[in-house]
Amino acid sequence: MDITSIIAGLNDAQRAAVTAPPGSTLVLAGAGSGKTRVLVHRIAWLLQVEHISPWGILAVTFTNKAAREMQQRIEALLQQPIGGLWVGTFHGLAHRLLRAHWSEAQLPQGFQILDADDQYRLIKRLLREANLDDSRWPPRQVQRFINRNKDEGLRPQHLDAGRDPYQRQMISLYDNYEAACQRAGVVDFAELLLRAHELWRDRSDILQHYRQRFGAILVDEFQDTNAIQYAWLRLLSDTEDKLFVVGDDDQSIYGWRGAKVEHIQQFQTHFPNTRVVRLEQNYRSTGNILAAANAVIAQNPDRLGKALWTTAGEGEPIRLYSAYNETDEARFVTDQIRSLQVAGESYQQMAILYRTSAQSRQFEETLIQSDIPYRIYGGLRFFERAEIKDVLAYLRLLENRQDDPAFERAVNQPPRGIGARTLEAVREHARIHNLSLWQAAQTVIRDQQLTARAAGALTRFLQLIDNTQAQLAELTLSEQIARVIAASALRDHFAQSRDGKGQDRLENLDELIHAGQQSDLNFTLEGQTPLQTFLAQAALEAGDTQASADEDSVQLMTLHAAKGLEFAVVFIGGLEEGLFPHSMSSDNAQKLAEERRLCYVGMTRARRRLYLAHAETRRIHGSVSLPLASRFLRDIPAETLQEVRARNNYAHPRSSRVSHNDTGLYPGQQVLHPTFGSGVILNTEGHGASARAQVNFATAGTKWLIIAMANLEPIASAST
DNA sequence: AACACCGCGTTTTTT
DNA sequence: ACGCGGTGTT
């Protein structure tokens, strides 16, 4: 491995970034400019040229997927496995740190991780215990309050409500929540980061160790860092300039969950000796797509400034379709997908993007009607499914009896005669004596505070957990999981369920056992049992949103979910005021700027063809609205845009402009084809010899035909 | 403990 | 419009 192969094939800007001298570096990486490539090559450079040990490199990403990809690409580039690199998410790294220093971080050794759903349930329980009306104190709001403050690095004692009773109550709930987590030995996602930060802040010996260890720190998607993550990086890098951060201020779309675009905007102020490299050459999209995306994002204030360019040609114009309503919009998209597929484009390379997940329904319906396979991203992930979380609750309780959220979940699932009254008594006892639910259950039984029947049921539950634990010692992880599923009677419970989902659930349980088998083969964090590692991984990496469909299928997802992906053909629906930009974001300039960035992200996903659509009427929450076309559309240069008005079989009362061109054919016109028979022109494109028409034939379906070859014969008919 | 009914909210989502 | 969650009924 030599230097040449690390820098070969890089453009000037990429090479400047990869070979940057030690010191802090900010890489402003436009969409499709080879950002991951730069990170991967930079790490190779550090290893091979700067001779930094893998042990001394920390690379942080935002998703596990990105972390895996980076590790793989580094190994592929260097053609050897690279052990010892720290590549992972902020959360994954914080978790590893806390496992190594659990005692210094004041955590029990077997601490468990709460996911968002666990957190929500815990908050609801605390509200009930505090006798607070959850319509006045919506748990979601409390959860947001807690997480927002944790993301800012703020503990309850840092907050001052003054006389505001609302704030006071919130702070007090936050305080209760923290106490409950501490007692149970559980940490939520934000807590992982906060604890890690506090560990470093308060234990200079530990901080010193990691500062010395990491000679280089690389951060991907830097525009998405929140306050605590940024504080982390500053602590770790200290004054030594060893940060190499890569990001794009124009793609910051997670402000609503605490990301601060200011971090990237003001990076050079905090690190004055920063070398800035702009990656502006785009290897993904055509000229038209980039020109349009550049024009849209150019309207935003406070940009670091960047303009994407390409050596690829202009490519196809961007197609804009003004639909009558959302069904018409979906029909248009579906028709285009069908004809593109006939023309040789794979479904897999086509994506439908939208602002809100509710919009997927219309598209799904028309896709189903047309027998086009599709896959939706989003929704419940594997480890978030109720039946899976039920099993995990048992496993967590086996690891840590103090884990109250796990106790709450497992205690009466499946139903075993432990009713609300019994649980109320246990909770009350736990609250008064500051005990865990497990301990409280034991004492309540011992002190005979329950009816014989309730005491019997509760005793059997406690014994079930203890007995199961006794059986697990010699088993592999997957056998342990299988044992727990059987012993808890969850399998029987789901097998007997009559809600139609029983079979799915059983399959998921088997899948969980299978996941355990896979995990058996993987490495285990030092000092951890396979089960502990498995539980942490289940929380930190909840799995894919859907079983991967092998079938070639159209990809449907929100614009947010599309970030980082690319497709040959992209459709963006619902470009309407109130929907995109969303009405919830229309009240302030910052949120609008983020919506605009979201639009930019969406447009730059497209490699060759970009279709934009808006509807003139749309049903939202049951009632019909007449939205204006999105302001983003106004910013797209006319020369990159072609308006499509395919009025298929729809009568529509509003505009009926027809675009004629030099083909002599126009949408809506009836034609006759020698082999396909009669049809209607949906769309035309191109000029002269390459001009094509999309025709919907009565019997042969929709096809794109070269007009010069097709011998289409216009049939006289009244144009709409 | 299972089922029916009612009322409310309704952007984006990873860890 | 629609689904979810909370409450009340059998």
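In the text below, chain A, chain B and the rest are named by the order of the sequence lines, each starting its count at 1. What you see is a predicted model, and the numbers here were worked out from it, not measured in a lab.
Residue A:Arg619 contributes atom CZ, which lies 20 Å from atom P of B:dT10 at whole-angstrom precision. Atom CG of A:Asp587 is separated from atom C1' of B:dT11 by 13 Å (rounded to the nearest Å). Between the OH atom of A:Tyr254 and the C1' atom of B:dT11 there is a distance of 12 Å, given to the nearest Å. If you measure from atom CD of A:Gln537 to atom P of B:dT15, you get 12 Å, rounded to the nearest angstrom. Rounded to an integer number of Å, the gap from A:His560 NE2 to B:dT15 P is 15 Å. To the nearest angstrom, C1' of B:dT13 lies 14 Å from CE of A:Met557. Distance A:Arg618 CZ to B:dT11 C1': 14 Å, rounded to the nearest Å. Spacing between atom NE2 of A:His582 and atom C1' of B:dT10 amounts to 8 Å, rounded to whole angstrom units.
Both A:Glu541 and A:Met584 lie near DNA chain B, and the one whose nearest nucleotide falls closer to the 5' end is A:Met584. Both A:His493 and A:Ala358 sit near DNA chain B, but only A:His493 has its closest nucleotide nearer the 5' end.
Closest contact between the side chain of A:Arg257 and the listed nucleotides B:dT14, B:dT12, B:dT15 involves B:dT14. Here the nucleotide nearest the side chain of A:Arg355, chosen from B:dT13, B:dT15, B:dT11, is B:dT11. Here B:dT15 is the nucleotide among B:dT12, B:dT15, B:dT11 with the atom lying nearest to any side-chain atom of A:Thr63. Among the nucleotides B:dT15, B:dT12, B:dT11, the one closest to any side-chain atom of A:Trp256 is B:dT12.
Within 4.0 Å (heavy atoms only), A:Ser357 reaches sugar-phosphate atoms of the nucleic acid but no base atom. Within 4.0 Å (heavy atoms only), A:Arg361 reaches sugar-phosphate atoms of the nucleic acid but no base atom.
For residues 350-360 of chain A, every residue pair satisfying the salt bridge (Lys or Arg N to Asp or Glu O under 4.0 Å) rule, not counting sequence neighbours, is listed here: A:Arg355-A:Glu595.
Under the rule for a ring pair (Phe, Tyr, Trp, His ring centres under 6.0 Å), the partners of A:Trp137 that lie at least two apart in sequence or sit in another chain are A:Tyr166. Shown here are the ring pair (Phe, Tyr, Trp, His ring centres under 6.0 Å) partners of A:Tyr600, two or more places apart in sequence or in another chain: there are none.
Between A:Glu178 and A:Arg155, at least one side-chain N (NZ, or NE/NH1/NH2) sits under 4.0 Å from a carboxylate O, which counts as a salt bridge. Using a cutoff of 4.0 Å between basic side-chain nitrogens and carboxylate oxygens, A:Asp390 and A:Arg385 are not scored as salt-bridged. Salt-bridge formation is detected for the pair A:Asp117/A:Arg121: a Lys NZ or Arg NE/NH1/NH2 atom is positioned less than 4.0 Å from an Asp or Glu carboxylate oxygen.
Taking a centre distance below 5.5 Å and an interplanar angle below 30 degrees as the stacking criterion, A:His621 stacks against the six-membered base ring of B:dT10.
A cation-pi contact links A:Arg140 to A:Tyr120, judged by a cut-off of 6.0 Å to the six-membered ring centre and 45° from its axis. Because its NZ or CZ atom is not both nearer than 6.0 Å to the ring centre of A:Tyr394 and within 45° of the ring axis, A:Arg409 does not count as a cation-pi partner of that residue.
Of the residues in residues 113-133 of chain A, A:Ala116 come within less than 4.0 Å of DNA chain B through at least one heavy atom, sorted by number. Contacts between residues 408-415 of chain A and DNA chain B, defined by a heavy-atom separation under 4.0 Å, are made by A:Asn412, A:Pro415.
Aromatic rings of A:His560 and A:Tyr254 (six-membered ring for Trp) have centroids within the 6.0 Å cut-off, being under it. Aromatic pair A:Tyr177/A:Phe145: ring centres not closer than 6.0 Å.
Taking 4.5 Å as the limit, some side-chain heavy atom of A:Thr225 sits within range of a side-chain heavy atom of A:Phe62. Within the 4.5 Å cutoff, side-chain heavy atoms of A:Leu437 are placed close to those of A:Glu408.
In this model, the phosphate group of B:dT15 is approached by a side-chain N or O of A:Asn64 to a distance below 4.0 Å at OP1 or OP2.
Nucleotides of DNA chain C with any atom under 4.0 Å from a heavy atom of chain A span, from 5' to 3', C:dA1 to C:dG6.
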Self-check item: Test ring pair (Phe, Tyr, Trp, His ring centres under 6.0 Å) applied to A:His101 and A:Tyr210, step by step
Solution: CA-CA 12 Å; A:His101 303 283; A:Tyr210 286 100; 5.7 Å; yes

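Rounded to whole Å, the P atom of C:dG5 lies 16 Å from the corresponding atom of B:dT12.
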